[in-house]
Amino acid sequence: MAKFNFKLSQLYPGAGKHLINTCGNPDCSNFGQPLTGRADRKFFWKQKHPDLSPEQLKLIEMHGPGAYKLAGADKKHRRVSRVFAYENNPHGWSDQRTVRCQGQTHDGYLCDTGFSILSPDHLNEEIDRLRNFNGILDGPSCGACGKRFLDDPDEFALDGAHERSKDREGKLLRRKKTPSSLRVLHKPCRGQKGALFSISLPHAGQKTTADNLRILGAVLNSAGIVDIQRMIGTATTGKKIGMSRIYDRIEWLEAVFLAYEREMLRRWKDKIERSGENVEHLLSHDDMVLSVNWETSTDRRNTQLNCAITADARSGYVYRLDVDFDPRATPLDLFNATYLDEAGMPKNLEQLYPNSKVQSAPKFSWQRPTGRYHESQFFAACVNEIKAFQSRAKRRMPKKDKSQQAARSALIQRTKGMITNIRMISEGWFGFPIDESEERGSFKGMTTRDIYTKGAHFALLKEMLPRGSIVLTTEQEATLPPLLPHIFDKEIREDRFTWLAMSFNKKATKPEKLGKVKEYRKARKQFHNDGMYAGRFDFETDAQTVSEAFIAEHMETALRGNGAPFQISNYQSEVFPSLWVRSSTQASGEIDKTVGFPILPRNLRRTMKKLAFDQEELSQDLREELAPWVYKATLQPVSSFMNSLRERMSVAARAGSGGARVGGSYIQGAIFNPRTLIALLNIYRVHYNFFEPRPYACPYEAIDDLVDPPKLTSRALRIPGTEEFVDLPPRARRPRPRMTPAMRHGMDAFTKRKDGTQDPPDIYRMLYRPWLYMGTKLGARFERSRRNIKTKAITNHEKG
């Protein structure tokens, strides 16, 4: 079979803003360096250093900055094109290619790190999608040019009669009514159609606002959509309300909550940066998988969604929850717009390579416009949508006489032709088999490739944080090694980024956990006492120092049962140190914790890379340097949030395997619309962060067990039928303050009582403020209107 042969320079799509498609080894000369040609490297360095010898120029030509080579590909990426130009001459090719780094490491060795080619454009598209949460926080835009008001409010002017302070005769206007909307003019497009438009608050048209808190309370406490419909209808008019009204209110609540959160994060970031405080962000990241019920009885297959979650370890604040699902995409429409022209003929299928032996070839995954999605599921969703239509058409179209039967048959044949075209392009040209698995993308939206969603998640997370050092703890996720070194490129170069990989025994039973925690606390207490007697510790030594010393003393090298490296293959690379260690701590539910060190501060990282994965003898200095990082590694805040979400929201129930049944199962109460599920997840996360005071034990405090020592509380037992009491021995208790994660995080969204205690903000007042427009002239006008209404209400109350 004929094959395509390419040079890397022909296929290389560039590195983009986030420097993907470059070497991810921080100790390599190619770290963050895009591809450059041999001749260009040689010419540049010869001009820069004319005194270089021929041997030095040859070394730069072969291994200088920007030196890469194209390597092979895995069998799973092999494709065969059999249609159109290759109908009688099938061609084999690989849909993904590996690139090998030819740069030199700091110690003079060939790096030879491999990575797969990704699309910078696809990553940017995913960042744009998630930055404003699928367009929810885009705000209004000019109808003439499409410029969004929130992108540059200074380009817009407030216009309209309701904004005038004087009438035509120059007399002061007395406002009798607060305007419900404000007219805005896009100054560069003045005079064009759509440049003048009105902006109103989202709740301005709501006739019944009392239902909003009922709906909010219901979705936050395990109620299903049908339960909400029944409850709201009975509570108000006694009649059943439509589902569309409930969905509209849920989407409105999501928009208000997300706008409120963005404003609070902006204020917090500004406050931290103005203070000049040296911040250390301790972050924990993990994934949660949700399965969404099928949509039609003719297509009983679930949609699997991966949720990327990152939280602050000290406060439990959940920064982001991003789902690898684009609810804006309509697969069949996208297919027609991308791969068919106006006449229905195929287009945009091949990439041209002028001045090459291969003049054209099928587009690779990083070249295809649909490469941001799970394409096997994408093409399957296009076919599924047509099949679902065929099933409805057969049932509903009349077929009494021959003309009706002929029209019905013609429509079925026409849609069969559409399916043939889709399969010809997906299977015949791009070599994708149609996805017949039990889990596939819903045709009301489309699942995206997890690697692009993860990259966008961390890029946006970095935008949210004030400048400071970052310590990130994750599990061994295969998508992270090709992403994190590039997303945090600047922080790595400035020695402000540390990445810890961690695993623990998730299958430990409760008795096993309690037993190991008891043994650990006993051993640590004995270690502390021995250190006090030996003069190693004193009464002023803090608990963290004791814990780190205990970890260093009992640290062990982590290996698999057969003596193999502990880490998975994606982490067995020259980029990362190969040594993993077992922690001696048993706390925060993380039993038998094992920690790896993919990216450490420069000096320690280079020391670690010299050690073998099975290095048993570790020097005392190395133990003491690693102990603080082992101490900080935790996934507890993310686990707490996910457990809370599973318990509180019935729509997040797993629609998984049905046991003895074949195929996916339908879960009553779970949701079938991924767009609504994403809205509910966003509402829950913001409510969890700002409005739910709850006790929280920082994982580091749980490890120490010495922070805020318990207080003795006196107790008494009343004798029944009398007023006499029997004194009982006092009990040691350590009450945890009930605070929201936002309060613990330092966000000033709370209100203070006279006694000094703090309350979360009033949720009713929060719902009806113009959070989306805060910091703009428009927001100031809406805020003034709100204050005027409040002042009038107080005045009328005093007069009454």
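Ring pair Y68/Y12 is parallel by interplanar angle, where below 30° counts as parallel and above 60° as perpendicular. Aromatic ring orientation, F379 versus F432: tilted (interplanar angle from 30° to 60°). Aromatic ring pairs are classed by plane angle as parallel below 30°, tilted from 30° to 60° and perpendicular above 60°; the pair F364 and F6 is perpendicular. Taking the six-membered ring where the residue is Trp, F458 and F488 present perpendicular rings, their angle passing 60° and hence far from 30°.
A donor-acceptor pair is defined here as one N or O able to donate and one able to accept, closer than 3.5 Å; such a pair exists between the side chain of H486 and the backbone of L19. Not a single donor-acceptor pair under 3.5 Å links the side chain of R449 to the backbone N or O of R372. Panel note: side chain W366, backbone P13; no donor-acceptor pair is recorded below 3.5 Å. In terms of modelled atom types and a separation under 3.5 Å, the side chain of N682 and the main chain of E254 share no donor-acceptor contact. Checking side-chain atoms of H63 against main-chain N and O of G103 turns up no donor-acceptor pair under 3.5 Å. The closest donor-acceptor contact from the side chain of W499 to the backbone of P485 lies at 3.5 Å or more, if one exists at all. Checked by atom type and distance alone, the side chain of Q102 never pairs as donor or acceptor with a backbone atom of L110 at under 3.5 Å.
Under the 3.5 Å distance criterion, with hydrogens and angles disregarded, no donor-acceptor pair is assigned to the side chains of S29 and Q104. When only modelled atom types and interatomic distance are considered, D401 and S403 share a side-chain donor-acceptor pair under 3.5 Å. Inspection of the E375 and T370 side chains reveals an N or O donor paired with an N or O acceptor under 3.5 Å. Side-chain polar atoms of N306 and D287 form no donor-acceptor pair below 3.5 angstrom. Side chains of K363 and Q351: a donor-acceptor N/O pair is present below 3.5 angstrom, by distance only. Inspection of the T105 and E574 side chains reveals no N or O donor paired with an N or O acceptor under 3.5 Å.
Taking the ring centroids of F4 and Y86, they lie under the 6.0 Å cut-off.
Counting heavy atoms from C-beta on, the side chains of L332 and I422 come closer than 4.5 Å. Taking the side chain as every heavy atom from C-beta outward, T22 and F31 never approach each other to under 4.5 Å. Side-chain contact check for E61 versus W45: every heavy-atom pair is 4.5 Å or farther apart. The side-chain heavy atoms of Q304 and V289, taken from C-beta on, include a pair separated by under 4.5 Å. Side-chain contact check for L118 versus L123: every heavy-atom pair is 4.5 Å or farther apart. In this structure the side chain of R97 never reaches within 4.5 angstrom of the side chain of H77, judged on heavy atoms.
Classification of R368 and D95 as a salt-bridged pair holds, one side-chain N sitting under 4.0 Å from a carboxylate O. Between R320 and E463, no side-chain nitrogen of the basic residue sits less than 4.0 Å from a carboxylate oxygen of the acidic one, so the salt-bridge criterion is not met.
Counting heavy atoms of neighbouring residues, nucleotides and ligands inside a 6.0 Å radius, atom CG of N355 does not exceed 12 of them. The number of heavy-atom neighbours closer than 6.0 Å to NZ of K416, taken from other residues, nucleotides and ligands shown, is 12 or below. Crowding of Y109 atom OH: a count of heavy atoms from other residues, nucleotides or ligands under 6.0 Å not exceeding 12. Other residues, nucleotides and ligands contribute only 12 or fewer heavy atoms inside 6.0 Å of the NZ atom of K17. Annotation: R414, atom CZ; neighbour count of heavy atoms from other residues, nucleotides and ligands within 6.0 Å does not exceed 12.
Considering every non-hydrogen atom in both H285 and A308, the closest pair reads CE1-CB, 3.8 Å. In terms of heavy-atom proximity, K347 sits nearest to T338 at CE-O, 3.5 Å. The heavy-atom pair separating A67 from M62 by the smallest distance is CB-O, 3.5 Å.
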